[in-house]
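One-based numbering, in listed order, for ligands and for the atoms of each. Please read all numbers here as calculations on a predicted model, not as lab measurements. Side-chain atoms are counted along with the backbone in the values below, which use heavy atoms only and exclude waters and symmetry mates.
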Amino acid sequence: MKSNQIEVDVLIIGAGPSGCVAAAYLNKKGVKVKVVEKSKFPRFVIGESLLPKCMEHFEEAGLLHVLENHGFEIKRGARFLRDDIVCNFDFSKKHTAGWDWTWQVPRADFDDLLATEIKKQGVDLSFEHEVVDTQIDNNGISITNIKDENGQQYTIKANFIIDSSGYGRVLPRLLGLDKPSSIPEHSSMFTHVKDINRPDGEEGTLITFDVLDRDTWFWVIPFSNGDTSIGFVGKTELIESYEGDMENMLKLSKYYHKRFENVDFKFNPISIKNYAKSVTQLYGKGYVLTGNSAEFLDPVFSSGVTFATESALKAAKLIDKALNNQSVDWQVEYSDYIMKGVNVFATYVKEWYTGNLQTLFFHRPENPEIKKQICAVLAGYVWDETNPFVKKHDRLVKNLAHIIHMNEKENNTD
Ligand SMILES: Cc1cc2nc3c(=O)[nH]c(=O)nc-3n(C[C@H](O)[C@H](O)[C@H](O)COP(=O)(O)OP(=O)(O)OC[C@H]3O[C@@H](n4cnc5c(N)ncnc54)[C@H](O)[C@@H]3O)c2cc1C
């Protein structure tokens with residue numbers, strides 16, 4: 001071994017939820033892991049509303065206890081508003097058995113807790129170490145160049161790379177794996193506020209999606225520290241037209257305008273344009289992509305972190321298997337499995353923006369059985385094929401919206 005080269009079983013790029021879950025799991029299995037993280041924690045990242053399904057991942061990775069002790073705001077469902085109609089999803093009333101609550105989290109604190117805990121558990125994690133480039137040979141052995149906090153370079157030799165670099169998209173960039181997403185292009189502008197006008201009781205802590213029109217919505221994610229995350233999502237032209245003027249944009253929300261009028265922004269509003277990302281392949285010889293580095297759809301159903309941790313745990317399990325000389329069918333066991341869940345959410349995102357899903361959410365009277373099935377999807381249980389809204393996702397939303405429209409037409413002509 002050269003003096004400036006480290007040898008490990010697995011190199012993990014990025015210490016977000018995806019990287020931390022993968023690292024914790026592999027470390028527990030006795031695998032030699034190295035995590036390199038470009039920034040210094042705590043660092044801001046967006047993605048603050050979790051789904052119940054991801055609680056399973058933190059639990060299995062041995063990370064849940066540190067999160068439980070922190071006192072994050074508990075999220076028991078999600079509220080969608082359109083004009084005067086309220087659609088409340090309650091995770092305790094869902095088709096699939098499993099967790100019925102999760103958290104709303106400022107990610108700087110949340111990710112820092114995870115990273116601190118994996119270090120405590122013995123994971124070798126270096127902050128301010130950035131992957132610069134990598135060479136992967138035909139056997140999947142990689143030599144990766146890392147730049148440390150002093151600008152010094154060293155290399156890491158690994159049997160596997162898990163790319164959990166989120167928006168850094170390290171391997172998609174270096175290996176040319178990016179492809180355009182099939183999700184319609186949208187952008188976002190968001191900030192955190194000191195929520196001084198927060199009402200008492202449940203209203204003050206409820207996560208809400210205020211639907212302004214078919215393409216435009218506003219999120220409100222209250223945290224237990226008294227701050228609230230607020231953000232708009234809409235067509236890129238609309239977000240661009242406000243040129244970062246969040247105060248003015250807040251006038252679009254009739255329901256929330258008063259609460260957030262003249263409150264202090266904790267930082268200048270950030271815009272992320274055309275955020276949907278996709279790749280040509282999720283794995284290759286010696287590497288696997290997890291979390292946002294693999295795929296990002298849309299924030300409307302808060303699926304990002306849950307996919308990040310689901311894919312991380314799956315990748316870690318398969319790598320552990322491979323390192324124990326068991327055969328792994330990466331196409332079936334990883335790619336097909338992950339894409340099954342991604343495709344369900346992709347349908348929901350697309351049908352949100354066609355308006356069909358909004359028709360189902362805001363149609364009255366509600367059908368409790370259908371609501372339970374959709375609720376399970378919104379809780380992240382998108383692999384449960386006993387749920388017709390998972391198994392027949394590509395047809396059911398569209399067909400049901402069509403029936404509702406037809407009935408409405410008939411009623412109007414009666
Ligand atoms: C507008 C918007 C709103 C969102 N809202 C939600 C939401 O409410 N709920 C939700 O679940 N998701 C949401 N998401 C998605 C969420 O942000 C991501 O899915 C989630 O952060 C992915 O986690 P990750 O671990 O894959 O990546 P990240 O959390 O992004 O972590 C990746 C890490 O890799 C590091 N890194 C990058 N490049 C390098 C490099 N070259 N070398 C070393 N390290 C590197 C980064 O510094 C970073 O710390 C939202 C996304 C957008 C765009």
**OP:** Just do the side-chain contact (heavy atoms from CB on, under 4.5 Å) check on Y287 and D163 with the steps written out, would you?
**Re:** CA-CA 7 Å; Y287 72 88; D163 181 7; over 6 Å; no
Subject >> Heavy-atom proximity to atom 20 (C) of ligand 1, best of R107, K273, K277 >> reply: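 Nearest option to atom 20 (C) of ligand 1, by heavy atoms: R107.
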Original post:
Of the listed options (S164, A22, G47), which comes nearest to atom 13 (C) of ligand 1 when hydrogens are ignored and any heavy atom counts?
Top reply: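 Result: the heavy atom closest to atom 13 (C) of ligand 1 is in G47.
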**OP:** Sequence neighbours left out, what passes ring-ring contact (aromatic ring centres under 6.0 Å, His included) with F127? Give chain and number order.
**Re:**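 Applying ring-ring contact (aromatic ring centres under 6.0 Å, His included) to F127 gives F41.
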Nearest to [atom], what protein heavy atom do you find, and at what distance?
atom	answer
atom 47 (O) of ligand 1	E37 OE2, 2.6 Å
atom 50 (C) of ligand 1	F296 CZ, 3.7 Å
atom 17 (O) of ligand 1	I46 O, 2.6 Å
atom 26 (O) of ligand 1	N292 N, 3.1 Å
atom 45 (C) of ligand 1	K38 CB, 3.5 Å
atom 42 (N) of ligand 1	V131 N, 3.0 Å
atom 53 (C) of ligand 1	Y167 OH, 3.4 Å
atom 4 (C) of ligand 1	P299 CB, 3.5 Å

Original post:
Does the separation of the ring centres of F345 and F307 fall below 6.0 angstrom?
Top reply: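 Between F345 and F307, the centre distance is under 6.0 Å.
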Subject >> Ring centre gap for F361 and F209 strictly below 6.0 Å >> reply: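 Centroid separation for F361 and F209: 6.0 Å or greater.
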Quick one: which ligand 1 atoms are inside 4.0 Å of a heavy atom on [X]?
X	answer
G166	27 (O), 30 (O), 32 (C)
E48	7 (C), 8 (O), 9 (N)
G16	25 (O), 29 (O), 31 (O)
S18	24 (P), 25 (O), 26 (O)
S39	47 (O)
V170	38 (N), 39 (C), 40 (C), 41 (N)
G291	26 (O)
V36	43 (C), 44 (N)

Original post:
Can a donor-acceptor pair be found between the side chains of S187 and T236 at a distance below 3.5 Å?
Top reply: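 There is such a pair (donor and acceptor under 3.5 Å, judged by atom type) between the side chains of S187 and T236.
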Short N or O distance, [X] and ligand 1, threshold 3.5 Å exclusive:
X	result
R43	yes
S293	no
R173	no
S49	yes

**OP:** Check the pair V233 / Y275 against side-chain contact (heavy atoms from CB on, under 4.5 Å), numbers first and verdict last.
**Re:** CA-CA 10 Å; V233 170; Y275 44 64; 3.2 Å; yes
**OP:** Can you tell me which residue pairs pass the side-chain hydrogen bond (donor to acceptor under 3.5 Å, both in side chains) test with a partner in residues 303-314, sequence neighbours excluded?
**Re:**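 Pairs touching residues 303-314 that pass the test: H57-T309, H57-E310, E310-Y337.
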**OP:** Check each heavy atom of S165 against ligand 1 and say whether those closer than 4.0 Å belong to the side chain, the backbone, both or neither.
**Re:**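 Near ligand 1, S165 shows its backbone as well as its side chain.
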Subject >> Proximity of S188 to ligand 1 by residue part, where a heavy atom lies under 4.0 Å >> reply: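 Looking at S188 and ligand 1, just side chain atoms fall under 4.0 Å.
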**OP:** Quick one: closest heavy-atom pair of V390 and Y381, and the distance?
**Re:**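 Closest approach of V390 to Y381: CG2-O, 3.7 Å.
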**OP:** Measure across N88 and K371 and return the closest heavy-atom pair with its distance rounded to 0.1 Å.
**Re:**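 Shortest heavy-atom contact: O-NZ, 2.5 Å.
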Looking at [Y] and [X], is any side-chain nitrogen of the basic one under 4.0 Å from a carboxylate oxygen of the acidic one?
X	Y	value
K32	D9	no
E366	R364	yes
R79	E203	yes

**OP:** Please say which of F362, W219, W352 ends up in a ring pair (Phe, Tyr, Trp, His ring centres under 6.0 Å) with F80.
**Re:**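 Running ring pair (Phe, Tyr, Trp, His ring centres under 6.0 Å) over F362, W219, W352 with F80 returns exactly one hit, W352.
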Original post:
Backbone N or O of W99 within a donor-acceptor pair of the K94 side chain at under 3.5 Å?
Top reply: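 Such a contact is found between K94 side chain and W99 backbone.
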